[in-house]
Amino acid sequence: YLILPKGIIDIDLKQYENLWVGDLSSKPLLGMPFQFWAMVVIFVIAYIVIKKTKWGKRLLACGDNREVAAMSGIKVTKMRMVSYIICAVLAGVCGIVTTIAYNIGYPAIGDGWEFKAIAGCVVGGVSLAGGKGSPIGVFLGVSLVFIAENAIIFFGLPTVLKSAVQGVVMAAAVMYETILERKKIKA
């Protein structure tokens, strides 16, 4: 699905390096890079919206059980559409932040990051079925996945193990979630 953008962008990208965005990526604020602060702002906003607003509660209800949410008067189709729009906007923000971090825009930079994102969310307690999870859990899960990945590099282990470790961690989180769901059903 990324073949077309990669073909269009297959040009000499060296001429576009060192744009104004390089200033943001090279000057840390309070010892942390711009990308960290962008992430913190997004997580704080997400936490407030999901945990403290009616709209956030309705969004979680739509993810948990669409039929029950619709019966309770929530416009599920509208909620899903708005949530997809928010995801698209956040993907654009992610692209901008990545461009700032690497000081270059190239569509192949994020290849393979989808698995890391899903693994981090699952480890953080987000249900693959929907309707469960929190921004704090996602933050902790993503942090754990990246710490594990960096530990593999730090200890000099083969980088092929990164995907294997992410897969094992994600499988363990899914198994844990399944066990919890079965206990709830029995109770």
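The first residue of the sequence shown is numbered 1, and numbering continues consecutively from there.
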Next item on the list: Any chance you could lay out the side chain to side chain contact (heavy atoms under 4.5 Å, CB included) test for V122 and V126, step after step, and finish with the verdict?
Entry: CA-CA 5 Å; V122 169; V126 173; 5.9 Å; no
Test of understanding: clusters of I, L, V, M, F, W, Y form through side-chain heavy atoms closer than 4.5 Å, transitively. Do [X] and [Y] belong to the same one?
{"X": "L144", "Y": "V168", "answer": "no"}
{"X": "I45", "Y": "L59", "answer": "yes"}
{"X": "L157", "Y": "F154", "answer": "yes"}
{"X": "I153", "Y": "F155", "answer": "no"}
{"X": "W55", "Y": "V68", "answer": "no"}

Could you report the tightest heavy-atom contact between [X] and [Y], atom names first, then the distance?
{"X": "F146", "Y": "K116", "answer": "CZ-CD, 4.0 Å"}
{"X": "V123", "Y": "G141", "answer": "CG1-CA, 3.9 Å"}
{"X": "M39", "Y": "F139", "answer": "CE-CE1, 3.3 Å"}
{"X": "A119", "Y": "V145", "answer": "C-CG2, 4.0 Å"}
{"X": "A70", "Y": "V76", "answer": "N-CG2, 3.7 Å"}
{"X": "L90", "Y": "I42", "answer": "CD2-CG2, 4.2 Å"}

Next item on the list: Would you indicate whether the side-chain heavy atoms of I50 and S134 approach each other to under 4.5 Å?
Entry: no
Next item on the list: Walk me through it: do R58 and K75 pass the test side chain to side chain contact (heavy atoms under 4.5 Å, CB included)?
Entry: CA-CA 9 Å; R58 290 178 181 167; K75 297 178 181 173; over 6 Å; no
Rounded distance (nearest 0.5 Å) linking atom [atom1] of [X] with atom [atom2] of [Y]:
{"X": "W113", "Y": "I118", "atom1": "CH2", "atom2": "CD1", "answer": "15.0 Å"}
{"X": "I96", "Y": "Q35", "atom1": "CD1", "atom2": "CD", "answer": "13.0 Å"}
{"X": "I74", "Y": "R80", "atom1": "CD1", "atom2": "CZ", "answer": "13.5 Å"}
{"X": "N150", "Y": "I147", "atom1": "CG", "atom2": "CD1", "answer": "8.0 Å"}

Note to self: Is it the case that the side chain of K57 and the backbone of K51 share a donor-acceptor pair, with hydrogens and angles ignored and the cut-off at 3.5 Å?
What the structure shows: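 Yes, the answer is positive, given that a donor and an acceptor are paired below the 3.5 Å cut-off.
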Notebook entry, point to check: Around Y176, counting heavy atoms of other residues, nucleotides and ligands shown, do more than 12 lie under 6.0 Å from its OH?
Noted result: no
Check: More than 12 heavy atoms of other residues, nucleotides or ligands under 6.0 Å from CZ of F43: is that the case?
Finding: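 Yes.
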